[in-house]
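Please read the structure below before turning to the comments.
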Amino acid sequence: MTSVISYMERSKSSIDQIQPPTYGNLITILSIDGGGIRGLIPATILNFLESQLQELDGEDVRLADYFDVISGTSTGGLVTAMLTAPDKHNRPLFAAKDIKPFYMEHCPNIFPQPRGLRGTLMAKVIRQLGGPKYDGKYLHGVVKEKLGDIRLHETITNVVIPTFDIKTLQPTIFSSYQIKNSPCLDAKLSDICIGTSAAPTYLPAHQFTNKDPKGNNVHEFNLIDGGVCANNPTLVAMNQVTKQIINQNADFFPIKPSDYSRFLIISIGTGTAKNEEKMDAKMTAKWGLLDWLTHSGSIPLIDVFSQSSSDMVDFHLATLTRALHSEHNYLRIQDDTLIGNDSSVDIATKENLDRLCQIGENLLKKPVSRMNLENGKIEPIGNGGTNEEALKRFAKILSHERRLRDMRSPHTKKASTTK
């Protein structure tokens with residue numbers, strides 16, 4: 001917002017867009033994990049949340065109208081772009097209800113399933129050793145078709161999408177807040193989505209160049225999946241906002257850097273495999289590279305990296321919100337009981353995709369849970385109700401916050417008087 005272009009200076013501004021936090025009481029963040037086809041789980045939950053907001057404020061409202069930042073990694077980055085990319089009327093290109101059909105239609109082509117001899121374990125091992133499991137051509141084509149030439153600065157609200165540059169060996173964070181000082185980050189959303197989704201061994205790394213608005217300062221990106229550094233991007237989003245507060249961005253005045261109680265955070269996971277404790281030090285002590293990459297048909301090395309990345313974010317946020325007595329403003333929805341094909345990121349059969357949708361529906365009915373800081377397990381909290389009930393409560397808070405900002409904002413008042 002005003003960190004890039006002031007609210008009133010946006011070329012396609014709309015009074016429906018969320019006003020800056022300076023006119024309200026909260027800073028609102030929506031975060032979506034990475035997880036391939038398991039993006040169907042947050043898609044189901046986001047659809048429910050948006051439907052609750054529509055019951056309160058009308059069928060035309062969208063999630064981007066309520067969150068100061070929407071952040072996503074890998075498949076979550078794609079969902080983030082879909083929710084925030086503008087159409088020709090400067091409204092979100094996709095509603096939350098459109099994400100599930102998109103995944104159901106395109107995932108079988110993004111991750112085509114091998115048949116016959118190509119589906120044997122030996123064939124899988126040979127393919128993984130010889131190059132990425134998938135060529136990515138269909139993914140690249142459909143993302144470019146849907147997002148076109150839309151760039152980062154055009155999103156309806158601020159977005160934060162982590163990637164990792166394998167040439168510089170540094171995370172590259174595509175953030176609406178950073179493009180003012182780093183114009184080269186103002187890339188096409190399609191390139192950003194392809195980059196953050198390029199999971200090693202599954203999809204090829206994505207290389208592209210970008211220029212600043214004047215056509216200068218060519219910058220080359222060599223990107224892989226943001227999940228290698230931030231599969232759960234919640235802390236990355238909070239970091240971006242905190243920088244703006246420290247730098248006294250007018251959107252956040254007079255919020256103090258230490259005032260985390262004003263953060264309202266909804267963090268949605270894509271599910272993780274149930275810890276069946278099948279690995280131990282004795283077993284892995286003799287493993288070589290091939291074992292870490294292909295054991296039992298999975299890729300343990302990547303599972304370890306993505307799981308540890310997400311768990312550390314859970315650990316930090318659970319500690320932080322407890323210390324600041326702000327647990328009531330933090331909702332983490334995650335299922336850590338997936339087994340078999342349910343935990344796969346790429347088994348895109350209709351049966352499995354339908355199952356993931358059902359897992360999302362079931363997750364809504366499960367109790368609100370938090371990470372137990374003693375054992376690292378996700379456990380129900382007392383008197384927390386179900387995730388569905390929590391989302392209804394958060395929807396009311398978000399609706400009230402939006403109305404409060406609209407009432408206090410001189411921009412909204414000015415727009416109303418000129419109608």
Side-chain angles (χ1 to χ4, degrees), residues 1-7 9-11 17-18 20-22 27-32 34 64 67-74 76-78 80-81 83-86 147 149-196 206 208-230 232-253 255 257 263 265 313:
M1 302 194 325
T2 59
S3 59
V4 181
I5 302 172
S6 71
Y7 181 85
E9 290 175 341
R10 280 187 181 267
S11 59
Q17 288 178 285
I18 187 172
T22 188
I27 301 170
T28 55
I29 296 175
L30 173 64
S31 177
I32 309 154
F67 289 96
D68 297 307
V69 186
I70 300 182
S71 182
T73 297
S74 193
L78 177 57
T80 295
L83 294 174
T84 61
L147 298 177
D149 293 327
I150 299 171
R151 291 187 175 269
L152 181 59
H153 78 272
E154 298 177 86
T155 55
I156 301 297
T157 190
N158 296 296
V159 303
V160 175
I161 300 177
T163 66
F164 190 85
D165 195 304
I166 56 175
K167 189 171 183 177
T168 63
L169 291 180
Q170 291 287 323
T172 296
I173 311 300
F174 288 93
S175 166
S176 301
Y177 295 116
Q178 292 189 182
I179 56 180
K180 181 178 180 180
N181 295 324
S182 301
C184 66
L185 293 176
D186 190 22
K188 292 181 181 179
L189 288 181
S190 59
D191 282 320
I192 297 172
C193 288
I194 293 169
T196 193
H206 185 50
F208 66 95
T209 57
N210 198 36
K211 300 180 180 180
D212 66 16
K214 296 181 180 179
N216 303 315
N217 302 325
V218 175
H219 187 93
E220 180 183 276
F221 295 94
N222 295 269
L223 306 179
I224 62 171
D225 196 318
V228 302
C229 59
N232 176 347
T234 307
L235 281 180
V236 179
M238 293 180 67
N239 174 272
Q240 290 294 305
V241 170
T242 301
K243 285 182 179 179
Q244 299 306 306
I245 297 172
I246 292 172
N247 293 332
Q248 299 184 332
N249 183 328
D251 276 359
F252 298 93
F253 180 83
I255 301 170
F263 280 80
I265 303 164
V313 174

side-chain contact (heavy atoms from CB on, under 4.5 Å) assessment of F263 paired with T234: CA-CA 11 Å; F263 280 80; T234 307; over 6 Å; no
Starting at CZ of F174, measure out to CG of L189 and round the result to the nearest 0.5 Å. 10.0 Å
Just how far is it from atom CG of N222 to atom OG1 of T209, taken to the nearest 0.5 Å? 10.5 Å
Go through it in stages, so that I can follow the logic: the residues are S71 and T80, the test is side-chain contact (heavy atoms from CB on, under 4.5 Å), and I'd like the CA-CA distance, side-chain angles, deciding distance and then a yes or no. CA-CA 6 Å; S71 182; T80 295; 5.6 Å; no
For a side-chain contact (heavy atoms from CB on, under 4.5 Å) check, start with the C-alpha distance between D68 and T28, then their side-chain angles and the critical distance, and finish with the verdict. CA-CA 5 Å; D68 297 307; T28 55; 3.1 Å; yes
Here the pair of heavy atoms bringing I150 nearest to P86 is CD1-O, 3.5 Å
If only atom types and distance count, is the side chain of T163 paired as donor or acceptor with the main-chain N or O of T172 below 3.5 Å? yes
Closer than 3.5 angstrom, by distance alone: can the side chain of T84 be matched with the main-chain N or O of I156 as a donor-acceptor pair? no
Supply the atom-to-atom distance N210 CG to K188 NZ, rounded to the nearest 0.5 angstrom. 9.0 Å
Pairwise distance NZ(K243) to CD1(I245) - rounded to 0.5 angstrom: 13.0 Å
Note, I27 side chain near I265 side chain (heavy atom, < 4.5 Å): no
For S74 and G76, indicate whether the former's side chain and the latter's backbone hold a donor-acceptor pair under 3.5 Å. no
Looking at R151, is its backbone amide N or carbonyl O close enough to the side chain of E154 to form a donor-acceptor pair, meaning the two atoms are under 3.5 Å apart? yes
Are M238 and L235 close enough that some pair of their side-chain heavy atoms sits under 4.5 Å apart? yes
Sort and list the pairs that fulfil salt bridge (Lys or Arg N to Asp or Glu O under 4.0 Å) and have at least one residue in residues 163-172, not counting sequence neighbours. K167-E220
Residue set satisfying ring-ring contact (aromatic ring centres under 6.0 Å, His included) with F164, at least two apart, ordered chain then number -> none
Step by step, work out the side-chain contact (heavy atoms from CB on, under 4.5 Å) result for V159 and L152. CA-CA 8 Å; V159 303; L152 181 59; 3.2 Å; yes
Exercise: identify the closest heavy-atom pair between A230 and T73: O-OG1, 2.6 Å
If you round to the nearest 0.5 Å, how far is OG of S175 from CD of Q244? 7.0 Å
Taking all heavy atoms of I161 and all of I192, pick out the closest pair and write down the distance. CG2-CG2, 3.7 Å
Which heavy atom in T196 sits nearest to a heavy atom in P162, and how many Å separate them? OG1-O, 2.7 Å
For residues S31 and N232, report the shortest heavy-atom separation together with the two atoms involved. OG-OD1, 3.8 Å
Given side chains that start at C-beta, do those of F252 and I246 come closer than 4.5 Å, heavy atoms only? no
Within the structure provided, determine whether Q240 and I173 are in side-chain contact (heavy-atom separation under 4.5 Å). yes
For G77 and C193, the nearest pair of non-hydrogen atoms, with its separation, is O-SG, 3.9 Å
Look up atom CG in N158 and atom OH in Y177, then write down how far apart they are to the nearest 0.5 Å. 3.5 Å
Is the backbone of F67 close enough, under 3.5 Å, to the side chain of T157 for a donor and an acceptor to pair up by distance? yes
